[in-house]
J.: 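To start, I am sharing the structure in question, which I have written as structure tokens.
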Amino acid sequence: MFSDIYDFRYIEQKWIESFSRYTLSNDEIKRSKGKKYYVLEMLPYPSGKLHMGHVRNYTIGDVVSRYKKMLGFAVIHPMGWDSFGMPAENAAIKDGGHPKLWTNSNIQNMKEQLKPLGYMYDWEREISTCSEDYYSKEQKIFLDLYKAGLAYRKKSYVNWDPVEQTVLANEQVINGKGWRSGAEVEKKMLDQWSLKITDYAEELLSGIEDLKGNWPEKVLKMQENWIGKSEGALINFEIYEDLRKLSVFTTRPDTIFGASFLALSPDHEISRELATLSKEVADFIFCCKKGATTEEALEKNEKNGIFTGLHAKHPVIKGGKIPIYIANFVLIDYGTGAVFGCPAHDERDFDFAKKYDLPIIPVIESKEDLPYIGDGGHINSEYLNGMNIEEAKSYMITQFEELGIGQRRTTYRLRDWLISRQRYWGCPIPIIHCKKCGIVPADLPVLLPDDVNFNGKGNPLANHPNWKYVKCPICGIEALRDTDTLDTFFESSWYFMRYLDSKCDDPINKEISDIAMPVDICIGGIEHAVLHLLYARFFMLALHDMGYLNSKIPFRSLLTQGMVCHKSYKDSDGNWVYPDEIVKTKDGKIIDRDGRNVFEFSFEKMSKSKKNTVSPQKIIDSHGADAVRMFMVSDTPPEKDFDWNTDALDGALRFLNKVWKVFGKIHDKMKNDASGDDSLIKTTHVYLKKIKTSYESISLNKAVALIRELFNEIESRLSSESATSLKFAFESFIKILYPVTPYICHEIWELFKKKELLQNETWPEIDEALASADFVNMAIQINGKLRGTFEIEKDSEDSVIKSKTLELILGKVLEEDIKKIIIVKNRVVNVVV
RNA sequence: GCGGAUGUGGUGAAAUUGGUAGACACGCAAGAUUUAGGUUCUUGUGACGUGAGUCGUGGGGGUUCAAAUCCCUUCAUCCGCACCA
């Protein structure tokens, strides 16, 4: 029955169940013969509440999925939960519940909240990374990485987050602070597990080339910088009256004749050794460590050093003596932890030389002040004199190699990925430490014990009364489990392959993965540019090399959607105020419910603490899921930040209301089988073509704009067009609107008395002949300025266009003044006078 | 400091990649219907003239018959990295 009123509550309730039954079996993937399309939205952390950022992310993914399905692709569209991690453990510490219960109930809640939005997820494929099934498969991957030499244990300085009480990977330290806790990160010497991502530095870098065009340039640039390749030389300096050699990495071997000091990191082994001999050195090193992390010291950039009393032999100047310092600006974990200083051509070295009164020897000619960083001819450099930087570099490296004191060397900024975490709620590292046998792989699975106490200090797993005490699987003597768990980014590095067969006994079903991988489009936030997105690329290369699957690329294309932003408000005391608690007065003032003044603070990402969030639930209740979905993809391109605007949300609902009404009118007209024009058929084909192009490039805001245009065309011709023409136009319109607003479209489709469900329909066929216009509107310009337009048959001869133009402009210009007429077919005529 | 991006009406944004700038919306204004208001409909809406003319895509300069688009320069905002040798 057709009702005049667009009752979205009724309609959405009616179709909701059929939308949650989308499945695509692996047999169907196999039968697709490569015509598959894998849409992946980055899996959410089950915090318990769905927020607008999720809604935007998943709506974009769902529109793409539904569109691709209409085109006949076997669409793989799974969803799951990134369910290990700190918040569950913190909740347990605070409220006493168990992380497992907290997490699972959050997952249930979020699933319920997702349901009304009508996403076509294949829930058969659902995974939760904290499930025993998932993490025991992950343990197998870990052991394989270990056997392949890619997972290793090493004692080294690590980033310690004092709030989370655990170590962090380099990628998780932002400006010296923990990425989640925001706490000042400390350096600690610990024995930890790492993955050899550095083995793949070159491949990760060269792989960027293949992603260009399909990944945002920005993400690729960030990864490139993060990997930070630099080419140069390793020089081994001899130390006077010492048997050791001091090895130094430099990108500027050509400046060796300008070297006036060597500097060691305070953590360099020679520094540490000297510290045991001299209190002065020990004090200096202590100060460096204390001061190095404070904001102030970093800002001042002050160079401090202490002379070691040692000298190195200059490698190419006979009898040359170079003093060796320990300096605060030398990093232990880059290059070799030692540098040579050439003050004339490096800013840091210059500052240091000034402070400690060291010689500043220019070796590159320049009229500018020192330090001079640019290119130029070498001076004071014997055989290098006259050469430019590039020439001198390679000449010098050859020279070092011939003399046996150095060699060509490439260094990367990328460090190995530290994966141990001193936390309970994660995947246990399946390793047993035996005094006799050393590191021994544990029998799988290694399950988390449920009976843990969160009240104690430190890692609850380590504190468990008996969990860690086991017998060595090899020799049988008393041994200890590794009580650390894996970084949760480990889980998110391979989940998109587990989706493909979430019940497989092996971690990854190779047969299906070889068909379904790589993911065709991955949609998520840009905050993972050098975290998840780099780790996932690394995992693919490693898994490929271990024979898990053929693909070396996780995501063929990547869409980084922008944040959902909203105005935030503060009262005069600086407290945040909820937007729905404010009132705008007639004279432009903003007040809260108690009448006190409130100020617009800024426009920023929705967040709980700023009180500027909008609950998806609320707006679905008031406007319906279709309106919310449409609103999320209209107006703003997916990759840009989205400004929350309630008026535009109302606009989406208003549009759907109009669609409903116009459908009613067409429905009536069809009953009477009215006659009239059929020009709308052609118009429809023109739009079908344009809209498909917009969907293809995921320019969903443009697609929506064009859909609205087509709708306006239909609406304006309701009375003049024939019933058949209107029916064709409107049915096509419903099909192309469907990926955005599936509920209303399904309802209308059914009311058109269609037997087949709309979601099983295919994209309307485009008649190319009809889709191209017969007539075009051409512009007339005089000296490049618009002076009028005219309509003319498409692809008209230049002579026809010319005479038409002359006819129109002769009132304005004299024929003899015309110097030139430039004709651009179907576009523009420019008359030069 | 290094690297990257962006800059178009009151707002979100389009512009077939050098060819009619502002599509599609939001907002606003006037009017109509209803009327307690919202809803709905019509018209208008870059600026200045307000007679069909001029100006206009952050500013300045250039290339071109023609520039939001290409080049040079400058300013502003945002983001990433940051003592990386």
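If you're wondering where the values come from, they're calculated on a predicted model, not measured in any experiment. So that the names make sense, note that chain A is the first sequence line, chain B the second, and so on, each numbered from 1.
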J.: Please work out if N712(A) contacts a base, only the sugar-phosphate, or nothing of the nucleic acid, heavy-atom cut-off 4.0 Å.
T.: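 Sugar-phosphate contact only - N712(A) comes under 4.0 Å of backbone atoms but never of a base.
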J.: Under 4.0 Å, heavy atoms only, any strand: does K658(A) hit a base, just the sugar-phosphate, or nothing?
T.: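 Result for K658(A) = sugar-phosphate.
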J.: Contact class for K690(A) vs. all strands (heavy atom < 4.0 Å): base, sugar-phosphate, or nothing?
T.: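 Since no nucleic acid heavy atom lies under 4.0 Å of K690(A), the category is nothing.
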J.: Tell whether K303(A) reaches the base of C83(B) with its side chain through a donor-acceptor pair below 3.5 angstrom.
T.: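 Answer yes: a donor N or O sits under 3.5 Å from an acceptor.
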J.: Students often get this wrong, so: under 4.0 angstrom with heavy atoms, is R708(A) touching a base, only sugar-phosphate, or nothing?
T.: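 Contact class for R708(A): sugar-phosphate only.
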J.: With a 4.0 Å cut-off on heavy atoms, is R787(A) in touch with a base, just the backbone sugar-phosphate, or nothing at all?
T.: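 The answer is sugar-phosphate, as R787(A) gets under 4.0 Å only of primed atoms, P, OP1 or OP2.
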J.: Taking the six-membered ring of F655(A), is the NZ or CZ of R708(A) close enough (under 6.0 Å from the centre) and on axis enough (within 45°)?
T.: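 Yes, a cation-pi geometry holds between R708(A) and F655(A).
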J.: NA contact type, N701(A), heavy-atom cut-off 4.0 Å: base, sugar-phosphate, or nothing?
T.: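 Touches sugar-phosphate only.
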J.: Students often get this wrong, so: under 4.0 angstrom with heavy atoms, is V832(A) touching a base, only sugar-phosphate, or nothing?
T.: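 The answer is sugar-phosphate, as V832(A) gets under 4.0 Å only of primed atoms, P, OP1 or OP2.
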J.: Any N or O donor-acceptor pair under 3.5 Å from the base of C26(B) to the side chain of D647(A)?
T.: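 No, the side chain and the base share no sub-3.5 Å donor-acceptor pair.
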J.: Touch check for T789(A), heavy atoms < 4.0 angstrom, all strands: base, sugar-phosphate only, or nothing?
T.: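 Touches a base.
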J.: What nucleic acid atoms does T411(A) come within less than 4.0 Å of, heavy atoms only: base, sugar-phosphate, or nothing?
T.: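 Nothing: the residue T411(A), judged by heavy atoms under 4.0 Å, touches no strand.
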J.: Report which part of the nucleic acid K785(A) touches: base, sugar-phosphate, or nothing (heavy-atom distance under 4.0 Å, all strands).
T.: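 The residue K785(A) makes sugar-phosphate contact but no base contact.
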J.: What is the pairing partner of U45(B), taking Watson-Crick or G-U wobble pairs with both distances under 3.5 Å in any strand?
T.: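 Its partner is G27(B) (Watson-Crick or G-U wobble, both distances under 3.5 Å).
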